[in-house]
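Report on one structure; see the data block that follows.
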2 protein chains.
Amino acid sequence: MDTWLDEKQKAAWVRLAAVLELLPAALDSQLRRDAQLTHFDYFVLAMLSEAPNRTLRMTALAELTTATLARLSHVVQRLETRGLLERFPCPEDKRATNARLTGAGWQKVAESAPGHVATVRENVIDALSPEQVAQLTDIADAILHRLDPDRARAAIYERYD
Amino acid sequence: MDTWLDEKQKAAWVRLAAVLELLPAALDSQLRRDAQLTHFDYFVLAMLSEAPNRTLRMTALAELTTATLARLSHVVQRLETRGLLERFPCPEDKRATNARLTGAGWQKVAESAPGHVATVRENVIDALSPEQVAQLTDIADAILHRLDPDRARAAIYERYD
DNA sequence: CGCGATTAGTTGTTGCTACAACCTAGCTCG
DNA sequence: CGAGCTAGGTTGTAGCAACAACTAATCGCG
């Protein structure tokens with residue numbers, strides 16, 4: 001448990017830090033350009049598109065998207081204005097709000113998914129060998145154990161993007 | 001070259017996407033809390049602290065930090081206001097601006113580095129075996145080749161954080 | 001059954017980032 | 001040598017995210 005990182009650790013960290021900076025920017029800019037959506041917007045719509053009845057409670061959606069409720073609330077508001085989803089009070093629990101994908105929202109996901117997946121392929125998956133893909137899975141999993149110890153959001157790890 | 005990802009690829013991507021969301025947030029919040037600095041602010045100061053005379057031209061600093069000049073300009077302006085660095089015209093090229101770390105800036109880096117490195121250790125390095133650290137280096141490198149094909153910013157990969 | 005604590009969500013403000021417009025200094029080539 | 005082009009930066013604006021304050025509904029427990 002030294003304070004500093006040794007050379008090999010630095011090499012890994014510096015590269016990871018660069019990926020952390022560049023990859024989200026690349027994903028965002030492709031989706032913005034081709035679908036007028038941020039990556040987070042897309043992710044929200046994608047999660048809804050896979051949910052039963054294309055509907056989820058705000059809290060559930062927040063967990064799936066790794067976001068705070070406050071952030072999600074703002075985003076959902078904008079997406080609702082654009083007609084991509086709609087909100088309605090949850091019948092079982094009057095505190096809760098449900099978000100449901102509209103037809104237009106479904107279509108938006110269908111249209112934009114191929115381009116997004118292609119970007120993920122080009123920049124990540126196709127850059128790696130199958131062994132590296134497996135290694136990456138384990139590495140990311142180990143990091144997530146530290147970042148999210150109680151696996152509160154474990155659900156997401158089973159799901160598609 | 002299919003359109004979709006297979007199960008193993010999805011597993012890797014979903015986890016990486018979660019890391020991309022959570023890790024920067026974790027780094028930012030530690031530095032904000034303990035040093036009133038964003039991770040990007042810290043990185044800027046750290047790069048200057050290692051440069052000859054603690055001075056760099058804006059363009060060079062932008063490359064090292066993987067940022068646009070516009071973004072850097074705003075950040076440097078704020079850091080200058082806080083007295084952590086200073087700007088002055090470059091004597092050799094009158095178009096250019098140099099940024100130099102002040103004493104206060106140096107001290108800020110010295111104070112905050114251990115806490116930051118500890119966070120990187122806790123969440124990343126110490127979560128991985130030495131083999132995984134090596135694997136991560138290669139994986140991140142492969143991804144960076146796609147994101148940054150001409151290696152315009154290759155300099156950074158040699159440096160410490 | 002009623003009062004405090006918790007859960008669910010919204011909204012306002014502030015700060016950072018992206019994008020585009022702009023300006024000045026140096027370079028290049030007829 | 002000067003007209004246009006490129007390089008190096010700055011600034012303004014608009015949009016998204018973090019944080020904190022707030023409301024309303026429900027739970028829990030004496």
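Proteins come first, then strands; the chains are lettered A, B, ... in the order of their sequence lines, and each starts at number 1. Please read these numbers as outputs of a predicted model, since none were measured by experiment.
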Looking at D:dT11, I'd like to know if its phosphate oxygens (OP1 or OP2) sit under 4.0 Å from a side-chain N or O belonging to B:Gln77. yes
Expressed as a whole number of angstroms, how long is the span from A:His74:NE2 to C:dT10:P? 10 Å
Do B:Ile143 and A:Leu22 have side chains that approach each other closer than 4.5 Å (heavy atoms only, starting at C-beta)? no
Using a cut-off of 4.0 Å on non-hydrogen atoms, how would the nucleic acid contact of A:Ala25 be classed: base, sugar-phosphate, or nothing? nothing
So A:Arg78, base contact, sugar-phosphate only, or nothing? Heavy-atom distance under 4.0 Å. sugar-phosphate
Pair B:Arg71 + A:Glu21, salt bridge at N-O below 4.0 Å: yes
The side chain of A:Ser73 is closest to which nucleotide in this list: D:dG9, C:dT11, D:dC16? C:dT11
Please report the distance, rounded to the nearest Å, between CG in B:Asp28 and C1' in C:dT17. 12 Å
B:Arg71 CZ - C:dC19 P separation (whole Å): 12 Å
Atom OH of B:Tyr42 and atom P of C:dC16: how far apart are they, to the nearest Å? 18 Å
Spacing of A:Leu72 atom CG relative to D:dC19 atom C1', expressed in whole Å: 16 Å
Can you measure A:Leu79 atom CG to D:dG15 atom P for me and round it to whole angstrom units? 15 Å
Select one nucleotide: of D:dC16, C:dC16, C:dA8, the one nearest the side-chain heavy atoms of B:Arg32. C:dC16
Rounded interatomic separation in angstrom, taking CG from B:Leu69 and C1' from C:dA18: 14 Å
Can you find a heavy atom in the side chain of B:Arg57 that is under 4.5 Å from one in the side chain of B:Thr97? no
Are the charged groups of A:Asp6 and A:Lys8 less than 4.0 angstrom apart, N to O? no
Taking DNA chain C as the partner, which of residues 86-98 of chain B come within under 4.0 angstrom of it by heavy atom? B:Asp93, B:Lys94, B:Arg95
Is the cationic atom of B:Arg32 (NZ for Lys, CZ for Arg) positioned less than 6.0 Å from the six-membered ring centroid of B:Tyr42 and within 45 degrees of its normal? no
Has the side chain of A:Arg146 got a donor or acceptor atom that lies under 3.5 Å from a matching backbone atom of B:Asp126? yes
Between A:Met58 and B:Asp41, which residue's closest nucleotide on DNA chain C lies nearer the 5′ terminus? A:Met58
With respect to the side chain of A:Arg57, which nucleotide from C:dC16, C:dA8, D:dA17 is positioned closest? C:dA8
Distance check needed: D:dA18 P versus B:Leu22 CG, whole Å only. 11 Å
Is there a side chain to side chain contact (heavy atoms under 4.5 Å, CB included) between B:Leu84 and B:Leu37? Walk through the geometry before answering. CA-CA 11 Å; B:Leu84 300 176; B:Leu37 248 34; 4.2 Å; yes
